[in-house]
Amino acid sequence: MAVLLAVGLSLLGAAGLFTTVWLAARGRTDRVRLASSALWSVVMLLLAYRAGDWLAVPGAVWALGVAATAAALCLAAPHWRDLPLTAGRRWWRWTAAAFSAAAALAAVLLVT
């Protein structure tokens with residue numbers, strides 16, 4: 001179970017960030033969502049590192065997750081200036097981002 005958790009978490013955050021970058025390339029997202037997705041991608045890597053059974057999982061899995069997250073962040077950077085700060089209802093986007101950041105902080109505090 002810990003092996004699946006380590007592999008899944010190390011790649012899941014990058015997959016979510018790649019999806020957000022794909023939306024950003026088409027102008028269908030905003031900076032707040034992109035920043036939230038980037039935060040969760042890094043948090044997922046931390047969770048994978050802390051929760052994974054790294055004696056059973058090859059270190060290349062961790063490196064693959066880090067490389068995929070770094071690649072997604074590099075792909076997100078050129079779209080940053082073209083995106084609006086918020087799209088849709090401004091109060092809702094900021095509230096959702098605040099709750100997302102609080103949940104990310106709670107997840108990090110739980111595993112450290």
Side-chain angles (χ1 to χ4, degrees):
M1 182 67 176
V3 172
L4 290 176
L5 187 65
V7 172
L9 286 176
S10 17
L11 299 175
L12 189 64
L17 185 55
F18 272 119
T19 303
T20 307
V21 169
W22 182 78
L23 290 172
R26 283 145 187 78
R28 298 174 129 182
T29 189
D30 54 27
R31 290 182 189 179
V32 174
R33 183 179 295 170
L34 188 60
S36 178
S37 183
L39 172 71
W40 271 105
S41 183
V42 173
V43 167
M44 291 291 224
L45 281 175
L46 178 66
L47 293 176
Y49 180 74
R50 297 291 293 169
D53 183 8
W54 295 107
L55 295 176
V57 178
V61 173
W62 167 255
L64 181 65
V66 171
T69 300
L73 288 172
C74 289
L75 288 173
H79 300 292
W80 183 260
R81 287 188 157 201
D82 299 333
L83 296 175
L85 181 62
T86 57
R89 293 178 286 192
R90 183 174 291 234
W91 66 271
W92 178 254
R93 181 69 68 215
W94 283 110
T95 304
F99 278 112
S100 178
L105 179 64
V108 168
L109 291 176
L110 282 175
V111 298
T112 56

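Please read all numbers here as calculations on a predicted model, not as lab measurements.
- With a 4.5 Å cut-off on side-chain heavy atoms, V111 and Y49 do not count as touching.
- Under the 4.5 Å side-chain heavy-atom criterion for ILVMFWY residues, a single connected hydrophobic cluster contains both V108 and L39.
- Minimum interatomic distance between A107 and L47 (heavy atoms only, all atoms of both residues): O-CD2, 3.7 Å.
- Under the side chain to side chain donor-acceptor pair (under 3.5 Å) criterion, R93 pairs with D30, not counting sequence neighbours.
- Remark: R26 CZ is packed, more than 12 non-hydrogen atoms of other residues, nucleotides or ligands lying under 6.0 Å away.
- Under the 3.5 Å distance criterion, with hydrogens and angles disregarded, no donor-acceptor pair is assigned to the side chains of W94 and T86.
- Tracing side-chain contacts under 4.5 Å through hydrophobic residues (I, L, V, M, F, W, Y), one reaches L75 starting from L17; they form part of the same cluster.
- Grouping Ile, Leu, Val, Met, Phe, Trp and Tyr residues whose side-chain heavy atoms lie under 4.5 Å apart, directly or via other members, leaves L4 alone, with no other cluster members.
- Of the inter-residue distances, the one linking T20 atom OG1 with L34 atom CG reads 6.5 Å to the nearest 0.5 angstrom.
- When all heavy atoms of V21 and H79 are compared, the pair lying nearest together is CG1-CD2, 4.4 Å.
- Both L12 and W40 sit in one connected hydrophobic cluster of ILVMFWY residues. Membership requires side-chain heavy atoms under 4.5 Å apart, directly or through other members.
- Interatomic distance, OG of S41 versus CG of L73, reported as 6.0 Å (0.5 Å rounding).
- Placement of V42 and M44 in two distinct hydrophobic clusters is found when ILVMFWY residues are connected by side-chain heavy-atom separations under 4.5 Å, directly or transitively.
- Rounding to the nearest 0.5 angstrom, the gap separating the OG1 atom in T95 from the CZ atom in R89 is 10.0 Å.
- Linking ILVMFWY residues whenever their side-chain heavy atoms come closer than 4.5 Å, directly or via other members, leaves L5 and L11 in distinct clusters.
- Proximity of a side-chain donor or acceptor of S37 to a complementary backbone N or O of R33 within less than 3.5 Å is not detected.
- Atoms CG and CG, on L9 and L45 in that order, are 9.0 Å from each other to the nearest 0.5 Å.
- Distance alone, capped at 3.5 Å, is enough to place a donor-acceptor pair between the R31 side chain and the L83 backbone.
- The closest donor-acceptor contact from the side chain of S100 to the backbone of A96 lies at 3.5 Å or more, if one exists at all.
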